[in-house]
Amino acid sequence: MRQDQLIFDEGRPGRRARGQAPSEPVDTGDLPAESLRTTPPILPEVSELQVVRHYTRLSQKNFSIDTQFYPLGSCTMKYNPRAGNALAMLPGFLDRHPWAATAQSQGYLACVHELQDMLRDVTGLAGVSLTPMAGAQGEFAGVAMIRAYHRARGDHGRTEILVPDAAHGTNPATAVMCGYKVRELPTDGEGDVDLQALREAVGPRTAGIMLTNPSTLGVFERRIRQMADIVHEAGGLLYYDGANLNAILGKSRPGDMGFDVIHINLHKTFSTPHGGGGPGAGAIGASERLLPYLPIPMAGRDENGYRWLTEVDCPHSIGRLSAFMGNAGVILRAYVYARMLGAEGMVRVAEFATLNANYLMTRLRAEGFQVWFPQRRASHEFIISLKREAKELNVTAMDVAKRLLDYGYHAPTAYFPLLVPECLLIEPTETETREELDGFIAALVAIRQEARRDPELVRSAPHDLPVRRLDEVRAARELDLCWTPD
Amino acid sequence: MRQDQLIFDEGRPGRRARGQAPSEPVDTGDLPAESLRTTPPILPEVSELQVVRHYTRLSQKNFSIDTQFYPLGSCTMKYNPRAGNALAMLPGFLDRHPWAATAQSQGYLACVHELQDMLRDVTGLAGVSLTPMAGAQGEFAGVAMIRAYHRARGDHGRTEILVPDAAHGTNPATAVMCGYKVRELPTDGEGDVDLQALREAVGPRTAGIMLTNPSTLGVFERRIRQMADIVHEAGGLLYYDGANLNAILGKSRPGDMGFDVIHINLHKTFSTPHGGGGPGAGAIGASERLLPYLPIPMAGRDENGYRWLTEVDCPHSIGRLSAFMGNAGVILRAYVYARMLGAEGMVRVAEFATLNANYLMTRLRAEGFQVWFPQRRASHEFIISLKREAKELNVTAMDVAKRLLDYGYHAPTAYFPLLVPECLLIEPTETETREELDGFIAALVAIRQEARRDPELVRSAPHDLPVRRLDEVRAARELDLCWTPD
Amino acid sequence: MPFIPHTEDDIRDMLAAIGVGDVESLFDEIPDGLRSGRLPPMLPALQEMQVTRLMHERATRDLVGPCFIGAGAYRHHVPAAVWQLATRGEFYSAYTPYQAEASQGTLQLIYEYQSMMCGLMAMDVSNASLYDGASGLGEAMLMAVRANQRVRSGRILVADSLHPVYRRVAETVVGNQGVILESLPLDAGSGVVDTAALGAIDDVVAVVIPQPNFFGRLEDVDRLVDWAHGGGALVIGVVNPLAMALLKPPGEWGEAGADIACGDGQPLGVPLSSGGPYYGFLCCRRSMVRRMPGRIVGRTVDLDGRTGYTLTLQAREQHIRRSRATSNICTNQGLVVTASTIHMALLGAEGLRRVAATCHARTRELTAALSTLPGVAPLHAGPCFHERALDLGQPAAPVLERLAARGILGGYALGQHDPALGDAILVCATECIEASDIAAYRDALAESLQEAA
Amino acid sequence: MPFIPHTEDDIRDMLAAIGVGDVESLFDEIPDGLRSGRLPPMLPALQEMQVTRLMHERATRDLVGPCFIGAGAYRHHVPAAVWQLATRGEFYSAYTPYQAEASQGTLQLIYEYQSMMCGLMAMDVSNASLYDGASGLGEAMLMAVRANQRVRSGRILVADSLHPVYRRVAETVVGNQGVILESLPLDAGSGVVDTAALGAIDDVVAVVIPQPNFFGRLEDVDRLVDWAHGGGALVIGVVNPLAMALLKPPGEWGEAGADIACGDGQPLGVPLSSGGPYYGFLCCRRSMVRRMPGRIVGRTVDLDGRTGYTLTLQAREQHIRRSRATSNICTNQGLVVTASTIHMALLGAEGLRRVAATCHARTRELTAALSTLPGVAPLHAGPCFHERALDLGQPAAPVLERLAARGILGGYALGQHDPALGDAILVCATECIEASDIAAYRDALAESLQEAA
Ligand SMILES: Cc1ncc(COP(=O)(O)O)c(C=O)c1O
Ligand SMILES: Cc1ncc(COP(=O)(O)O)c(C=O)c1O
């Protein structure tokens with residue numbers, strides 16, 4: 001009955017949380033009048049309790065790992081250990097200034113250095129930099145490194161990056177940000193990249209290829225070694241988009257597959273929280289030949305202890321990607337996670353993520369859902385297509401996704417990859433129980449039943465959430481992006 | 001659609017949160033076989049994510065200050081500052097062992113000592129002990145002190161404690177726990193204790209009187225000085241139940257009124273959280289003559305710094321009420337609150353708690369609700385009676401209370417004090433905005449409207465909560481107090 | 001006024017609505033002499049930033065190295081999830097769940113807690129908590145007096161191996177109601193109740209048996225229970241709940257089991273925190289539930305037949321029964337119970353068992369290491385759980401001070417309670433103690449002992 | 001395997017359902033040579049208890065006294081409520097709000113954030129965040145290139161008073177797309193852009209103006225904006241958002257205001273935390289919104305006409321537009337924005353203004369106190385916001401080391417970027433600095449300077 005307002009609407013002129021700001025009135029000192037603001041910014045005027053209540057209530061309107069099964073394909077929504085949060089937020093870490101002297105940074109640097117080494121070892125690369133702040137920035141760094149490599153060799157004719165059609169949108173977008181043209185590669189009927197097409201596409205213009213393996217189609221690229229040979233023989237390099245590393249962590253190493261540079265989404269495989277959209281961390285690993293180009297700073301170690309490696313140590317680096325050291329607090333969380341797993345735990349991640357995915361896929365197929373690559377193993381995720389349901393019942397993948405919300409499950413990724421019609425990309429992760437998977441299967445079966453009996457119920461879902469289906473067209477057409485006092 | 005199970009039901013044999021216990025298997029060492037447990041205790045067998053998800057979801061089923069207006073009379077449900085929680089949980093405080101040496105206790109003892117002094121000053125008593133763990137234990141300590149006082153004087157004939165009929169249940173229960181008989185005093189038509197009845201009740205059997213002021217009827221006991229004189233002249237002592245101290249904090253001091261011993265609910269007036277039922281802290285203050293009997297330990301100070309005062313320093317103390325120093329972490333939270341208020345802030349607490357209560361009372365009366373003492377000022381709380389509605393519409397105070405939940409407001413205290421029929425005891429506290437009060441008034445008006453139009457709607461409320469009205473009779477008759485595997 | 005939301009406009013409008021000119025008028029029923037003009041000077045008000053700095057400084061000041069003190073409060077690993085969940089606003093800032101429909105979170109959790117406690121203690125019913133272990137023992141005694149209707153003497157036998165502070169606190173709680181605490185003597189050499197000396201028992205309400213006892217030693221609980229029951233007395237077991245994951249629980253002591261089990265819940269997920277807030281747990285036989293103090297949650301159904309939870313048997317409590325209530329307790333230790341329930345769910349039976357066994361192993365390692373030092377020897381023969389009394393061969397208090405100066409909290413001085421034990425300390429090692437901590441202790445103790453010599 | 005819930009039964013049953021004999025079979029599509037037999041030796045797995053102890057030790061090791069370093073990251077008071085709310089599981093463990101109906105909490109919050117940022121910057125629209133201030137400046141430049149369609153040169157003028165690391169990062173971001181960064185020179189004496197030397201401007205995409213600048217000094221933003229606009233260039237303001245509660249915001253610079261405002265949100269509720277996670281904010285004119293990188297939330301209605309929030313203008317983004325997106329950004333800094341939004345709501349306009357003014361006052365006090373020491377003098381004339389460059393009269397780096405040994409983080413050595421400034425440091429005092437800290441710094445500096453002499 002009680003509608004939640006905007007925090008602005010809850011304000012009243014002159015109200016504020018008085019314990020939070022200095023009690024002295026403002027003295028602008030020697031600041032010249034013309035440099036000063038003349039009207040105060042429009043910000044909420046609310047009490048401390050109002051703030052706490054408002055945002056506590058807002059939070060309750062979210063689905064999250066801590067409250068729901070969240071099988072969002074490609075996103076690896078697994079449990080984010082609470083210890084990571086507690087330990088990264090110890091006062092000693094929170095109060096550490098990024099420019100603090102080396103002697104006052106040994107505790108933090110030790111974590112960075114050890115995580116660099118662990119990630120290097122589990123991916124089979126030669127070195128790792130933790131500075132990129134998300135997967136896409138990792139991709140940027142990686143492709144920029146490829147570019148720097150060709151440039152350093154005077155190899156200026158390489159202007160293209162190859163990207164499979166199933167690739168995540170960040171791949172082509174990144175290639176363009178690095179000044180490349182994108183050339184798409186088709187997928188064959190079994191979900192692998194079309195090898196013939198690859199052979200035809202490579203050449204002296206090929207700077208490199210960006211691959212996700214297992215791919216975003218949920219299957220392992222079986223001819224990866226041949227692909228690596230083809231690209232390398234043509235003088236190109238291989239970029240590994242590590243968004244799906246969870247599927248093979250410790251079971252198969254990108255370095256062994258022939259990749260020259262990779263990124264790892266620490267906010268996926270290493271279980272740092274997604275935070276409703278970030279922050280993440282896109283650690284980047286390089287083979288021997290790309291090592292000199294890794295972004296700075298990195299943690300190094302010499303006889304005096306740990307220290308930062310900067311421009312001085314890494315003159316060929318592609319440079320800095322952030323003012324300081326990337327998302328340091330995220331790195332600490334990933335470090336805690338990695339330390340709790342150890343080598344054995346990392347392997348288990350892949351094993352149980354894969355077990356859960358294959359179980360779910362097998363059971364859904366048995367229930368009559370169309371698994372898109374039925375002849376393939378699922379990696380840590382797989383695709384079902386609701387093409388048939390869409391045609392017969394006029395109920396789309398989106399409708400089913402929305403109805404799942406009513407059942408208390410977050411929807412899988414819908415309509416990605418783009419090449420599969422009416423698809424749901426389902427990734428259960430290793431931290432979910434079998435019972436949770438069974439419940440999800442039961443919900444999908446029940447919804448299909450509903451779609452047969454009462455399709456409108458499904459088409460107009462969700463029904464039990466804070467809002468019903470939103471008018472996205474209006475949102476984009478009648479742009480309302482900012483509150484203003486009326 | 002998704003029903004929350006018991007955590008036990010979510011378990012499976014052999015499952016556990018493996019990061020949380022030592023990895024070595026159990027070795028019972030030299031423990032004799034006959035002392036060992038032979039079957040494991042029945043406890044949940046769940047993963048870490050299951051625990052986090054289960055209890056996060058459970059929490060969302062609660063109303064709380066952080067999510068709702070909570071005008072629960074006599075309970076002082078005001079904002080619990082988040083700083084108190086953060087600061088009391090600093091590692092240095094959490095890891096401090098209660099038996100740590102004095103030299104390793106100076107930081108904590110300083111807080112205890114300063115809070116003792118602040119509470120002494122704001123209540124006008126001579127000394128304070130923070131050791132009682134809730135209001136009722138404070139009452140126990142206070143009445144035990146009264147008993148110790150009489151006993152020390154050889155005054156053994158005093159076997160009765162006087163308690164007004166409007167008193168909180170803990171008052172008579174405490175008197176009995178201290179070995180006294182309870183004698184009830186009637187209330188007069190204006191909400192004050194019947195002075196004539198008091199005069200008749202006191203005598204050589206009177207050990208003391210327990211009073212709440214402002215009383216649980218929401219009004220200030222105007223003839224408190226006369227009452228004090230009557231009781232004192234009869235040789236009795238006055239106990240102040242400080243549950244309502246919020247109403248007069250810094251405006252009027254129990255010590256000045258003539259009270260000999262008081263307790264303060266730090267979890268009310270000093271805004272430590274109620275925690276879904278505790279922990280609280282029932283600081284106790286004493287006048288000069290009762291000082292020697294205060295419960296131990298207390299913080300003292302000498303030239304070497306702070307130290308604990310124990311049996312050695314306080315040979316006449318009524319003793320210890322807990323194994324250590326009461327609810328130390330609660331005391332730290334109260335200390336933070338008191339320091340943020342200072343003397344000025346304490347006075348403001350009373351002023352705005354009273355302003356909110358009187359505003360709400362005035363507005364509700366204007367809307368036609370029956371204010372029980374219309375001729376009186378409200379203290380920080382007041383009573384309305386729904387006697388008329390109950391009779392005319394067959395909708396009880398309980399029905400209205402339950403329906404308020406649907407409107408997103410916690411219900412006021414219902415059916416207490418026992419002497420007012422169909423009553424709601426309403427305490428808004430000083431931290432609520434005027435808009436929140438207005439919304440609450442509107443809800444009460446709307447519910448009365450509903451009661452006229454569709455009384456069944458109100459009688460069968462709540463409708464929008466996780467459960468509808470619960471069968472309390474069945475709960476008490478078919479006792480189900482413990483899960484067992486079926 | 002950091003937490004008051006009123007604007008000048010609000011104040012003006014609200015006063016106008018009430019019909020008074022100023023806030024002071026709202027206090028006009030308070031007699032003049034009682035309206036305090038001004039408070040004595042107090043510490044000045046601080047902004048949150050300032051009090052934050054102050055508290056950080058004070059918290060840091062008290063921090064020291066490894067802690068080998070136990071004696072009723074134990075440092076255990078508490079999973080980070082426990083208090084992050086327990087301090088969620090919906091748990092932290094709710095009241096006692098009197099409005100059941102709006103408190104299903106807390107109520108279901110307490111029902112789960114009760115079930116876990118029953119499991120751990122092998123008892124039928126549990127309440128929702130008392131203040132702490134020591135005061136809870138007092139309540140348990142009063143309950144025994146109510147329950148043992150055949151005995152009107154008020155006499156309760158308390159093992160001398162019980163934590164001495166527990167006995168004192170219980171005395172404070174029950175002392176005004178004619179309950180008399182008598183001693184069940186100790187065998188000095190073994191540090192447990194002298195079962196050989198047990199005579200016939202008569203006209204005794206209850207016998208209080210600790211397990212493990214104050215010295216960390218294990219009592220012969222089977223024998224004691226059967227002996228007490230044989231004489232018509234009830235048995236109150238005072239136990240460390242963590243130990244009950246490994247040791248025989250009160251419900252299985254002797255032929256018939258203890259009648260009441262109580263103790264402090266602190267070892268189950270509650271930080272040391274200077275001694276509180278902890279919580280007292282209390283379990284008993286089904287037949288005694290109506291004699292129980294404190295809140296109890298029951299499972300029931302709602303109007304639609306759906307499962308729900310509610311406070312039940314409230315007729316035992318002060319807010320209903322007033323002077324005839326089973327206790328005056330109202331506010332209990334809810335939030336700590338919330339944390340503890342989450343802790344127990346995370347650890348489970350196997351986790352708690354491992355923690356308990358590791359504590360036992362570490363303590364054996366500790367006492368073995370310390371006993372290699374000249375003059376240091378265990379005070380008692382026989383197995384201990386995770387505490388042991390050590391004779392240092394010289395006055396203990398100054399040695400502990402020297403250890404503290406070296407950053408080691410070395411133990412609890414037993415001379416505080418028994419001057420005859422002036423040379424002895426009680427040491428404890430939990431699963432948090434590592435081999436390097438033990439080595440550091442041994443080295444520091446060696447130095448501290450020599451300094452005196 | 002601390003976080004894996006599978007029991008032996010689960011594994012057996014699930015493998016049976018799949019129809020394979022063991023888990024290894026699930027990896028049978030991976031070619032043999034690529035299935036790694038074993039990982040190289042790694043640091044051993046730790047229980048939560050062990051990693052907790054390790055991290056406590058490491059965190060404590062890095063703790064020092066008062067911090068007078070700024071240079072892009074500032075220590076401010078962050079209300080305790082901010083991160084207690086932001087780390088609630090529902091915010092902490094949610095994904096990007098692609099399913100709007102199941103993400104109204106995050107979506108409404110971002111809408112509020114956008115509104116607050118627009119308010120603070122006096123701009124029309126804000127996105128939902130970029131990675132940080134420095135990389136965000138790179139995105140702002142690319143956006144300017146897209147938006148300024150009359151200029152195809154790719155030339156961007158960057159004030160030499162911009163934070164040098166920001167310039168380097170922006171260079172990394174834009175360097176591969178033919179954007180050329182050129183310098184707008186500094187007046188050495190005043191530490192601001194030499195407006196006297198401004199010539200005519202031509203064929204320039206945009207001009208980048210910091211306020212306050214790297215040296216804490218205030219630029220003549222009005223003049224610079226009008227000059228840039230006069231030459232057909234867009235203006236990108238790089239500002240400290242906290243300062244904008246006190247100083248003229250970008251939207252009001254000059255006649256027409258800046259076109260783009262960006263910077264780092266760290267001063268608004270984000271702990272120092274070794275440099276991140278922070279967030280980059282980005283605001284612009286309404287007319288440029290379709291050129292913007294990053295997510296944007298819009299307000300709309302649901303099927304019942306009820307207000308709701310959703311991601312909008314997604315056709316700009318990589319997941320829709322792929323190679324023609326406005327940026328490759330996907331994951332941004334959502335949780336930090338969550339905290340920052342709560343922080344801004346708690347402080348409000350007046351609170352932020354007070355914080356900003358107090359920082360300014362403390363910095364004046366600090367620089368006055370330090371300037372009393374022989375050889376120490378401000379490097380630039382004129383007012384500063386909350387940082388100032390000081391000439392120490394001797395090489396600065398060793399002095400800072402000696403200060404650190406005394407527990408004082410004394411500032412940022414300017415010689416890192418300009419060897420000519422080898423004797424100079426940049427100092428900063430925020431509202432967290434008390435008078436006693438300043439006195440301690442002055443005394444420690446006096447000693448440290450003398451030690452060298
Ligand atoms: C396959 C793939 N690649 C790249 C990314 C981009 O990573 P980020 O969102 O951390 O920038 C994602 C994230 O959704 C992804 O799923
Ligand atoms: C008037 C009054 N007295 C005493 C008490 C008992 O305090 P506590 O619950 O802290 O034991 C209360 C609490 O509800 C109360 O309202």
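We name chains A, B, ... by the order of the sequence lines, and we start the count at 1 in each one. These values consider heavy atoms only, across backbone and side chains, with no hydrogens, waters or symmetry-generated copies.
- Contacts between Ala401(A) and chain D at a heavy-atom distance below 4.5 Å involve the side chain alone, from C-beta outward.
- Between chain D and the residues Arg253(A), Gln137(A), Met257(A), the most heavy-atom pairs under 4.5 angstrom are made by Gln137(A).
- For Arg377(A), the parts lying near chain D are the backbone and the side chain together; criterion is any non-hydrogen pair under 4.5 Å.
- Chain D forms the most heavy-atom pairs under 4.5 Å with one residue out of Leu6(A), Ile65(A), Ile42(A), and that residue is Leu6(A).
- The contact between Ser252(A) and chain D is made by backbone and side chain atoms together, counting heavy-atom distances below 4.5 Å.
- Checking Asp27(A) against His360(D) by side-chain atom types alone, no donor-acceptor pair falls below 3.5 Å.
- With sequence neighbours excluded, the residues that form a side chain to side chain donor-acceptor pair (under 3.5 Å) with Thr106(D) are Asn62(A).
- When heavy atoms are compared at a cutoff of 4.5 Å, Glu48(A) approaches chain D by way of both its backbone and its side chain.
- For Asn265(A), no part sits under 4.5 Å from any heavy atom of chain D, backbone or side chain.
- In terms of non-hydrogen atom pairs under 4.5 Å with chain A, the most contact-rich of Ala357(D), Cys118(D), Ala102(D) is Ala102(D).
- Contact annotation for His168(A): both backbone and side-chain heavy atoms come within less than 4.5 Å of a heavy atom of chain D.
- When each of Leu321(A), Asn80(A), Val219(A), Thr38(A) is checked for heavy-atom pairs under 4.5 Å with chain D, Leu321(A) comes out on top.
- At a 4.5 Å heavy-atom cutoff, the contact between Leu405(A) and chain D is made by side-chain atoms alone.
- Only the side chain of Pro462(A) has a heavy atom closer than 4.5 Å to any heavy atom of chain D.
- Contact annotation for Leu72(A): only side-chain heavy atoms (C-beta onward) come within less than 4.5 Å of a heavy atom of chain D.
- No side-chain donor-acceptor contact under 3.5 Å links Arg320(A) and Thr172(D).
- Residue Val349(A) touches chain D through its backbone alone, counting heavy-atom pairs closer than 4.5 Å.
- In this model, no donor atom of one side chain and acceptor atom of the other lie less than 3.5 Å apart for Glu351(A) and His6(D).
- Both the backbone and the side chain of Ala323(A) come within contact range of chain D, each with at least one heavy atom under 4.5 Å from a heavy atom of that chain.
- Annotation: side chain to side chain donor-acceptor pair (under 3.5 Å) contacts of Glu350(D) (sequence neighbours excluded): Arg354(D).
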